[in-house]
Amino acid sequence: MADITVSLPDGSERTLPSGATAADLAADIGPGLARDAIAAVVDGTGCDLAVPLADGATVEITTPGSDRGLETLRHSTAHVLAQAVLGLWPGATFAIGPPIDHGFYYDFDLPDGATFDPEDLETIDERMREIIAADQAFVRGESDVAEALEIFADHAYKREIIEKVTSGGAAGDLADEAGAGGVGEQLSYYRNGDDFVDLCRGPHVPSTGRLGHFALQKVAGAYWRGDETRPMLQRIYGTAWSTGKDLRGHLHRLAEAEKRDHRRLAAELDLVSWPEVLGPGLAVWHPRGATVRKIIEDYSRSRHEAGGYDFVFSPHIAKSVLWETSGHLDFYADSMYPPMEMDGASYYPKPMNCPFHVTVFQSSQRSYRDLPKRYFELGAVYRYELSGAIHGLLRSRGFTQDDAHIFCTREQVADELASLLDFTISVLKAFGFDDFQAKLSTRPEEKSVGDQELWDLATDGLRSALESAGLAYEVDEGGGAFYGPKIDVDVTDAIGRPWQLSTLQLDFNLPERFGLEYIGADGARHQPVMIHRALMGSIERFFGVLLEHYAGAFPAWLAPEQVRVLPVADVHQDYADQVLARLVDEGFRATVDPADEPLGKRVRSAKTAKLPHVLVVGDDDVANDTVGDNARGADKPERDLPLDDFVERLAALVAERR
RNA sequence: GCCCGAGUAGCUCAGUUGGCCAGAGCAGGCGCCUUGUAAGCGUCAGGUCGUCGGUUCGAAUCCGACCUCGGGCUCCA
């Protein structure tokens with residue numbers, strides 16, 4: 001019997017008897033790996049451990065700790081979920097159940113339109129653990145289409161997947177999502193236990209006993225294939241990990257993220273509220289929230305002033321003709337608030353600022369010497385978001401864009417984009433973000449406007465702007481709007497979550513629709529290029545992201561109340577007032593909390609309100625012009641600090657925006 | 001908009017199988033206490049139990065519709 005030789009990822013080679021499987025290879029490498037192995041990657045393709053290896057193959061053993069291993073683990077857990085549900089609900093059918101970040105889900109259609117209760121999750125969880133305890137083998141099978149259709153005769157969604165997968169073409173996405181396997185006419189499926197089989201590309205762990213560190217999380221509705229015209233399925237989400245420790249860690253992180261929820265913090269810190277009488281998605285800003293917002297806006301304005309922008313203002317409503325010209329009524333009407341009828345005209349609340357800025361550009365004849373024109377406005381817009389999409393400040397129906405529109409010549413596009421991107425990153429950094437991820441979206445396949453030369457010019461301009469800024473980016477081919485390519489910038493927050501904030505968007509459409517022009521050096525009329533740029537995106541949303549990023553503990557320069565002075569007893573009240581007067585005089589936001597309550601209580605209140613500095617003043621301080629500074633994050637209070645030193649220190653922090 | 005879940009005082013929550021005037025803690029008012037670093041004591045006030053309708057001798061509790069919120073889907077700054 002001839003031996004086979006396979007290569008390992010480190011470049012080394014192993015010789016095994018012919019017919020050896022990936023599991024045999026793992027065992028040959030070592031008992032530890034044999035125990036850990038759950039799947040393999042053979043020549044770049046995920047495979048079960050049971051697959052026989054071909055001579056000359058490159059093989060990597062998959063272990064649970066790796067990304068691929070976790071994916072396999074989660075996918076196998078999803079199968080067990082489906083097995084449990086199908087066993088518990090006779091007549092139920094199932095759709096797709098892929099691994100996702102941190103876990104998995106599976107979509108079901110229960111008989112007679114039944115739905116899952118949260119309590120059902122416990123029942124399902126118990127059944128899943130029985131299946132896992134039974135250590136059932138996952139057994140791969142393959143068949144042609146006809147046979148597959150027969151195996152899944154009772155499962156309409158699986159049959160639909162089989163038909164899509166084998167008809168090729170655009171169904172690739174679905175096949176990926178479904179994990180359904182098949183090249184050409186061959187389809188694969190996996191059985192475990194006596195009565196469960198699922199269409200699947202694999203690979204899977206060898207047996208259910210390898211699973212177990214999972215938790216079912218929630219029930220949700222999800223449209224079949226994400227299409228709102230299709231049936232609504234019942235989706236169960238779960239999380240799964242290779243060890244109990246990882247699972248507990250993940251659940252702990254979720255709990256921590258919940259504590260940062262900006263809606264909770266907005267209420268606890270008295271920043272913002274959403275009175276029911278206003279309607280969904282509409283917030284009011286309380287003094288403390290408004291203070292932070294004002295600092296954000298003031299900083300934004302000062303940067304724009306220094307950055308060569310012209311400030312403009314525009315009304316909240318305009319007649320329908322503006323929105324007809326801009327095209328919003330054609331493309332965007334569903335997201336617009338309905339019109340108000342007045343004096344025979346229809347006035348729409350604005351969902352965007354751009355048409356107004358266009359009219360400013362049009363207000364006089366423009367020369368190439370005037371360009372680029374950069375108009376900036378903190379413009380409040382109103383969008384009729386779907387009720388289910390509204391989410392605190394992160395997605396609301398009324399919000400304020402830090403909106404700029406740049407009108408420039410084709411020749412200026414590249415330089416302009418580069419400086420816009422630098423400006424954007426520089427401002428975001430000032431707010432404590434230092435981890436960015438960008439996405440470049442290029443011309444869509446389908447219909448789009450503008451000549452190819454212009455698209456190339458703009459797309460190249462965006463790309464070189466990204467490169468000169470040194471930003472990591474990915475390319476979304478064909479992901480641009482019909483009217484131009486764009487860059488979106490995400491920031492990563494303190495606990496690693498990405499937030500899309502900025503967008504740089506070329507627009508070849510509005511200049512055409514509004515007939516914009518400027519007089520070139522050649523004396524002829526030319527059409528300017530228009531760039532939309534939102535930096536924070538929405539001030540409300542940006543504030544919400546900052547709130548979550550800092551978990552409510554705003555740095556001193558942003559904190560609504562920077563210092564609270566606590567006299568130890570009534571006799572220290574006068575001195576506390578003097579300290580306060582000095583702080584206010586220095587331009588700090590400070591208050592005094594009189595000695596009506598015990599000191600410990602007042603310290604606690606100030607700490608709960610996440611103040612950066614709590615100053616305690618007593619006999620020693622009155623005598624020596626000092627304060628006791630209990631700074632947020634410090635191990636212990638600092639006593640006998642000269643007031644002058646404290647002022648100097650705080651001023652430095654604020655100046656450095658820390 | 002669609003699916004599931006939830007709405008009891010400003011906030012966080014109790015409220016047994018429908019049955020005496022709906023409770024607590026925190027926050028708030030008042031009084032006492034005068035305090036050196038994360039909750040001093042007492043007292044008072046505060047709720048048409050989301051709204052409307054239904055079932056019942058009787059509804060916070062059961063049913064329906066609507067409103068709002070939460071988690072998803074879709075969408076998106």
Side-chain angles (χ1 to χ4, degrees), chain A residues 105 107 109-110 113-121 217-237 258 261 263-264 267-268 270 273-281 332 334-335 351-352 381 383-397 399-403 488-489 499-503 505 532 534-542 544-545 566-573 594-609 614-621 627-632 634 636-640:
Chain A
Y105 67 79
D107 287 346
D109 197 357
L110 299 182
T115 56
F116 293 116
D117 292 332
E119 300 87 75
D120 290 336
L121 292 184
Q217 294 174 296
K218 54 201 169 198
V219 179
Y223 299 109
W224 168 229
R225 303 190 59 187
D227 181 343
E228 59 184 321
T229 65
R230 302 283 213 129
M232 176 69 74
L233 304 175
Q234 292 282 302
R235 175 172 297 178
I236 293 177
Y237 281 95
E258 201 172 321
D261 189 307
R263 294 161 300 183
R264 167 201 285 258
E268 285 174 2
D270 193 18
S273 65
W274 292 265
E276 254 189 52
V277 288
L278 303 196
Y332 205 74
D334 286 350
S335 296
M352 296 187 192
V381 298
R383 297 185 185 175
Y384 189 78
E385 299 289 351
L386 291 181
S387 61
I390 292 170
H391 182 86
L393 291 172
L394 301 182
R395 191 80 181 275
S396 58
R397 284 183 172 166
F399 60 96
T400 308
Q401 293 182 302
D402 60 334
D403 210 359
D488 294 314
V489 181
W499 301 92
Q500 196 207 306
L501 296 179
S502 314
T503 181
Q505 169 97 56
H532 303 257
L535 197 165
M536 301 170 188
S538 133
I539 302 293
E540 287 81 353
R541 179 179 146 87
F542 186 72
V545 170
L566 312 184
V568 171
D570 278 349
V571 292
H572 310 117
Q573 180 71 35
D596 298 334
E597 307 259 23
L599 183 62
K601 170 80 170 277
R602 287 177 287 143
V603 169
R604 180 183 154 80
S605 298
K607 290 293 182 186
T608 307
V614 180
L615 299 186
V616 172
V617 294
D619 290 337
D620 299 345
D621 301 296
V627 296
D629 177 23
N630 188 334
R632 188 178 60 208
K636 56 180 184 189
E638 181 178 359
R639 292 280 299 270
D640 305 319

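So that the names make sense, note that chain A is the first sequence line, chain B the second, and so on, each numbered from 1. These numbers come from a predicted model, not from an experiment.
What separates CD of A:Gln234 from C1' of B:G71 is a distance of 13 Å, to the nearest Å. B:C73 atom C1' lies 14 Å from atom CZ of A:Arg230, rounded to whole Å. One can place CD of A:Gln401 at 15 Å from P of B:C76, the figure rounded to the nearest angstrom. The CD atom of A:Gln505 sits 12 Å away from the P atom of B:C76 (whole-angstrom rounding). Rounded to whole Å, the distance from CZ on A:Arg397 to P on B:C76 is 16 Å. Protein atom CG of A:Asp270 is 20 Å distant from nucleotide atom P of B:C26, rounded to whole Å. Between A:Tyr237 atom OH and B:G70 atom C1' the separation is 15 Å, expressed in whole Å.
Minimum atom distance to the side chain of A:Ala569 is reached by B:U34, of the listed B:U34, B:C3, B:G36. The side chain of A:Pro598 sits closest to B:G40 out of B:G1, B:C3, B:G40. The side chain of A:Pro280 lies closest to B:C69, out of B:G1, B:C69, B:U35. Listed nucleotides: B:C73, B:A38, B:A77. Nearest to the side chain of A:Val603: B:A38. Residue A:Lys601 has its side chain nearest to B:G40 when only B:U37, B:U35, B:G40 are considered. The side chain of A:Lys607 lies closest to B:A38 when the candidates are B:U35, B:A38, B:A77. The side chain of A:Ser396 approaches B:A77 more closely than any other nucleotide in the set B:U37, B:A77, B:A27. Nearest nucleotide to the A:Met232 side chain, out of B:C2, B:G36, B:A39: B:C2. Nearest to the side chain of A:Thr608, among B:C2, B:C69, B:A38, sits B:A38. The side chain of A:Thr115 approaches B:C3 more closely than any other nucleotide in the set B:G36, B:C3, B:G72.
At least one side-chain heavy atom of A:Tyr332 sits less than 4.5 Å from a side-chain heavy atom of A:Met352. In this structure, A:Asp402 and A:Ile539 have side chains that are in contact, with non-hydrogen atoms separated by less than 4.5 Å. Taking 4.5 Å as the limit, some side-chain heavy atom of A:Gln401 sits within range of a side-chain heavy atom of A:Val381.
Pair assignment for B:G5: B:C69, on the basis of Watson-Crick or G-U wobble contacts that are both within less than 3.5 Å. In this structure B:A14 sits in no base pair that meets the Watson-Crick or G-U test at under 3.5 Å.
Using modelled atom types and a 3.5 Å distance limit, the side chains of A:Lys636 and A:Asn630 yield no donor-acceptor pair. Using a 3.5 Å distance cut-off with no hydrogens or angles, the side chains of A:Asp403 and A:His532 do not pair a donor with an acceptor. Side-chain polar atoms of A:Glu540 and A:Thr400 form a donor-acceptor pair below 3.5 angstrom.
Phosphate contact (OP1/OP2 of B:G72, side-chain N/O of A:His391, threshold under 4.0 Å): absent. For A:Arg263, no side-chain nitrogen or oxygen approaches OP1 or OP2 of B:C69 to under 4.0 Å. Between A:Lys218 and B:G72 there is a side-chain polar atom (N or O) within less than 4.0 angstrom of OP1 or OP2. Applying the 4.0 Å criterion to OP1 and OP2 of B:G1, one finds that A:Ser387 has a side-chain N or O inside that range.
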Can you build the contact string for nucleotides 42-52 of chain B? Use B for base contact, S for sugar-phosphate-only contact, and - for no protein heavy atom under 4.0 Å. -----------
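Atom name C1', nucleotides B:U51 and B:A60: the rounded distance is 14 Å, in whole Å. Spacing of P atoms, B:A6 relative to B:G10, comes out at 23 Å, to the nearest Å. Nucleotides B:U61 and B:U55 place their P atoms 15 Å apart, quoted to the nearest Å. Nucleotides B:C52 and B:C67 place their P atoms 15 Å apart, quoted to the nearest Å. B:A24 and B:C63 have their P atoms separated by 29 Å, with the value rounded to a whole Å. Taking the C1' atom of each, B:G58 and B:C21 are spaced 15 Å apart, rounded to whole Å. B:A22 sits 26 Å from B:G28 when the P atoms are compared, rounded to a whole Å. For the C1' atoms, the distance from B:A9 to B:C44 is 15 Å, rounded to whole Å.
The base of B:G72 is not paired with the side chain of A:Tyr223 by any donor and acceptor separated by under 3.5 Å. For B:A77, the base has a donor-acceptor partner in the side chain of A:Glu385 [N/O atoms by modelled type, under 3.5 angstrom]. The base of B:C75 is paired with the side chain of A:Arg395 by a donor and an acceptor separated by under 3.5 Å.
Per the stacking criterion (ring centres < 5.5 Å, plane angle < 30°), A:Phe399 stacks onto the base of B:A77.
Summarising the geometry, atom OG1 belonging to A:Thr115 is positioned 12.0 Å from atom CE belonging to A:Met232; distances are rounded to the nearest 0.5 Å. Taking CG of A:Asp596 as the reference point, atom CD of A:Gln573 lies at 8.5 Å (rounded to 0.5 Å).
Both A:Val219 and A:Asp619 sit near RNA chain B, but only A:Asp619 has its closest nucleotide nearer the 5' end. Mapping A:Leu599 and A:Arg383 onto RNA chain B by nearest heavy atom places A:Leu599 at the nucleotide closer to the 5' end.
Salt bridge annotation for A:Arg263-A:Asp261: present, with a cationic side-chain nitrogen under 4.0 angstrom from a carboxylate oxygen. Salt-bridge check for A:Arg639 with A:Asp620: passed, with a basic side-chain N closer than 4.0 Å to an acidic carboxylate O.
The residue A:Gly600 sits close only to the backbone: its heavy atoms come under 4.0 Å of sugar-phosphate atoms, none of a base. Residue A:Ala534 is out of contact with every strand shown, counting any heavy-atom pair closer than 4.0 Å. Counting any heavy atom pair closer than 4.0 Å across all strands shown, A:Asp227 reaches no nucleic acid atom.
Remark: A:Arg230 fails to qualify as a cation-pi partner of A:Tyr223 under the 6.0 Å distance and 45° angle criteria applied to the six-membered ring.
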